[in-house]
Number of protein chains: 2
Amino acid sequence: MSHTSYRTIQTEVLRRIRTRVWQPGQIIPSEVDLAVEFNCARATINRALRELAETGIIDRRRKAGTRVSLNPVRKATLDIPMTRIEIEARGLTYGYKMLAKNNIPAPEDVTVRMNLVPLQPLLHVKCLHLADGKPHVFEDRWINPNAVSNVFTAPFETVSPNEWLLQNVPISGGDIVLTAEPATVGDAAALGIPKGTALFVAERRTFIGTDTITFVRLAYAPGYRMTTHI
Amino acid sequence: MSHTSYRTIQTEVLRRIRTRVWQPGQIIPSEVDLAVEFNCARATINRALRELAETGIIDRRRKAGTRVSLNPVRKATLDIPMTRIEIEARGLTYGYKMLAKNNIPAPEDVTVRMNLVPLQPLLHVKCLHLADGKPHVFEDRWINPNAVSNVFTAPFETVSPNEWLLQNVPISGGDIVLTAEPATVGDAAALGIPKGTALFVAERRTFIGTDTITFVRLAYAPGYRMTTHI
DNA sequence: AAGTGGTCTAGACCACGTT
DNA sequence: ACGTGGTCTAGACCACTTC
């Protein structure tokens with residue numbers, strides 16, 4: 001009996017859950033018991049179960065023990081690569097075009113989302129990412145110059161804000177909102193589609209500590225699919 | 001010097017990356033070196049770095065060492081709860097209504113997506129989830145009776161297919177596609193909106209081993225936001 | 001009070017990939 | 001060949017929560 005890896009244990013635990021040997025809501029044996037059964041160290045059991053708990057398959061609480069999740073909140077992981085990488089990965093040619101760059105007071109809905117004082121001047125950049133020459137996503141971005149002191153030196157004419165920021169700004173966190181919206185006049189013009197077309201839109205905020213670095217709205221050309229697996 | 005936890009190490013590593021002490025693409029010290037520096041066991045360093053690698057912050061390869069990721073593929077985790085839970089969590093009253101149930105040959109696009117032979121009879125269920133009495137999401141689902149033998153006994157008149165399947169079918173995996181689509185005639189009728197309205201749509205496949213259990217298209221009422229954080 | 005998971009240690013061997 | 005991360009062990013102490 002050698003090589004009782006944590007992966008082996010995960011597989012067996014999943015099998016028991018799938019085949020209803022361990023039913024939803026039911027408690028499963030403790031780490032110590034499982035270590036005896038699988039003839040391995042408790043740390044190995046711990047790693048196996050800890051990872052399963054992270055995916056929502058089981059619930060663990062001290063003293064209360066480990067249970068098969070009644071409501072397996074399926075956790076899906078979205079990979080959000082840089083647009084250029086995403087396009088090149090499909091074997092298409094990436095293109096980039098800056099449409100506008102201004103330092104202007106931001107509208108209220110933007111300053112609210114960014115937790116900034118109203119009418120604060122922000123760097124506003126609009127640009128377009130292309131795949132094989134066709135519009136792929138229209139980017140409308142606001143950048144807080146107070147959080148990115150050297151942003152005015154950035155060559156957004158040739159480098160997309162996302163790539164420049166990734167290389168030049170430390171990031172501590174962010175959030176993403178995914179919606180479907182009818183194309184605005186601006187979306188329609190940039191993507192070359194009729195106004196009102198159903199668009200997949202991602203809005204992303206990025207923080208460093210408590211400061212908002214940037215807020216970006218990405219409007220994807222019709223037909224875009226965001227995929228993930230469980 | 002006690003209590004050098006893996007979280008402490010993660011925080012310090014992130015600080016060094018954020019402050020450019022360790023720059024993108026640059027190699028960082030080995031686990032052994034870091035264990036000496038932080039005065040802790042290598043296993044502790046390993047756990048700290050392994051978790052950071054899972055989030056895409058750093059890249060690790062045997063022999064090659066650990067590097068600050070050049071292209072930090074941001075991994076966002078989507079929580080996909082049952083619709084009832086999602087609605088109740090907002091303090092709204094959940095409602096459910098089955099609209100149709102048939103055992104009929106599936107259209108080709110469905111059988112293709114499900115890896116089944118064309119025209120195979122499948123259980124087709126349409127239903128509506130409501131929040132405070134208003135349509136929240138329209139569900140159009142196909143279920144493979146060969147993978148779910150007792151599906152014809154399921155009381156879909158009162159229990160949503162998702163909840164019944166979760167309790168009665170072992171699941172091994174699946175995938176999700178998120179898109180924006182104009183409302184079809186069917187979407188419009190079910191959700192009480194004009195045809196062509198931009199809708200957020202999730203299509204989900206669920207497998208047990210190599211068999212497809214179910215394919216579902218979820219069309220969310222306008223205004224729906226799927227949120228996540230990094 | 002007691003049981004369970006959470007974490008840490010010191011050491012070991014192995015797998016992989018660079019050299 | 002050799003250095004790095006990947007994993008496992010046996011033991012320990014701690015933190016939390018239920019009883």
Side-chain angles (χ1 to χ4, degrees), chain A residues 1-14 16-17 21-73 75, chain B residues 1-14 16-17 22-73 75 77:
Chain A
M1 178 76 77
S2 65
H3 190 67
T4 312
S5 84
Y6 77 98
R7 293 182 184 281
T8 307
I9 293 162
Q10 286 177 341
T11 302
E12 174 59 15
V13 168
L14 286 173
R16 292 185 189 180
I17 292 173
V21 175
W22 293 339
Q23 302 194 4
Q26 189 183 328
I27 201 164
I28 75 173
S30 74
E31 292 189 351
V32 174
D33 292 344
L34 289 173
V36 171
E37 178 190 340
F38 287 105
N39 187 34
C40 68
R42 182 166 81 91
T44 304
I45 301 289
N46 180 272
R47 178 164 180 192
L49 296 186
R50 178 160 39 80
E51 290 189 358
L52 290 180
E54 279 167 11
T55 71
I57 302 285
I58 55 179
D59 295 321
R60 320 193 76 201
R61 266 158 52 227
R62 282 162 156 131
K63 169 70 177 176
T66 299
R67 295 174 179 279
V68 180
S69 181
L70 261 178
N71 171 212
V73 175
K75 305 219 175 185
Chain B
M1 178 76 76
S2 65
H3 190 66
T4 313
S5 85
Y6 77 99
R7 292 180 183 281
T8 307
I9 293 162
Q10 285 178 342
T11 301
E12 174 59 15
V13 168
L14 285 173
R16 292 185 190 180
I17 292 174
W22 292 338
Q23 302 193 4
Q26 189 182 328
I27 201 164
I28 75 174
S30 74
E31 292 190 351
V32 174
D33 291 346
L34 289 172
V36 171
E37 179 191 339
F38 287 106
N39 187 33
C40 68
R42 182 167 79 91
T44 304
I45 301 288
N46 180 271
R47 176 163 183 191
L49 296 187
R50 180 160 38 81
E51 289 189 358
L52 291 179
E54 279 167 11
T55 71
I57 303 285
I58 56 180
D59 295 320
R60 320 194 75 202
R61 268 159 48 226
R62 283 164 154 126
K63 171 69 178 178
T66 299
R67 293 174 180 279
V68 180
S69 180
L70 263 177
N71 170 211
V73 173
K75 305 219 177 188
T77 303

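Just so it is clear: chains get the letters A, B, ... in the order the sequence lines come, proteins before strands, and each one is counted from 1. No hydrogens, no waters, no symmetry mates; every other heavy atom, side chains included, goes into these values.
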What's the shortest heavy-atom distance between B/Y6 and B/A48, and which atoms?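 Heavy atoms of B/Y6 and B/A48 come nearest at O-CB, 3.5 Å.
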At under 4.0 Å, does any side-chain N or O of [X] touch on OP1 or OP2 of [N]?
X: A/Y6; N: D/dT7; value: yes
X: A/T44; N: D/dT7; value: no
X: B/N46; N: D/dG6; value: yes
X: B/S5; N: C/dC8; value: yes

From the options [options], select the nucleotide whose nearest atom is closest to the side chain of [X].
X: A/R60; options: C/dT7, C/dG5, D/dT9; result: C/dG5
X: B/K63; options: C/dG6, D/dG6, D/dG3; result: D/dG3
X: B/E31; options: C/dA10, C/dT7, D/dG6; result: D/dG6
X: A/R62; options: C/dT7, D/dC16, D/dA10; result: D/dC16
X: A/R61; options: C/dT18, D/dT17, D/dT9; result: D/dT17

Full working for side chain to side chain donor-acceptor pair (under 3.5 Å) between A/T8 and A/T11: CA-CA 5 Å; A/T8 307; A/T11 302; over 6 Å; no
Return the value, rounded to whole Å, for the distance between atom [atom1] of [X] and atom [atom2] of [N].
X: A/I9; N: C/dG5; atom1: CD1; atom2: C1'; answer: 16 Å
X: A/D33; N: C/dT4; atom1: CG; atom2: P; answer: 7 Å
X: A/R50; N: D/dT7; atom1: CZ; atom2: C1'; answer: 13 Å

More 5' along DNA chain C: A/A43 or A/T66, using each one's nearest nucleotide?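 Taking each residue's closest nucleotide, the earlier one in sequence belongs to A/T66.
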Only one of A/I28, A/V68, A/V21 clears side chain to side chain contact (heavy atoms under 4.5 Å, CB included) with A/R16; which?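 That would be A/V21; it is the only one of A/I28, A/V68, A/V21 passing the side chain to side chain contact (heavy atoms under 4.5 Å, CB included) with A/R16.
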Do you know which of A/L49, A/N46, A/T66 makes side chain to side chain contact (heavy atoms under 4.5 Å, CB included) with A/L34?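 The single option meeting the side chain to side chain contact (heavy atoms under 4.5 Å, CB included) with A/L34 is A/L49.
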Is any N or O donor-acceptor pair between the side chain of B/R42 and the base of D/dG6 shorter than 3.5 Å?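 Pair found.
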Name the residue closer to the 5' end of DNA chain D, choosing between B/S30 and A/A64 according to the nucleotide with the nearest heavy atom.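 The residue closer to the strand's 5' end, by nearest nucleotide, is B/S30.
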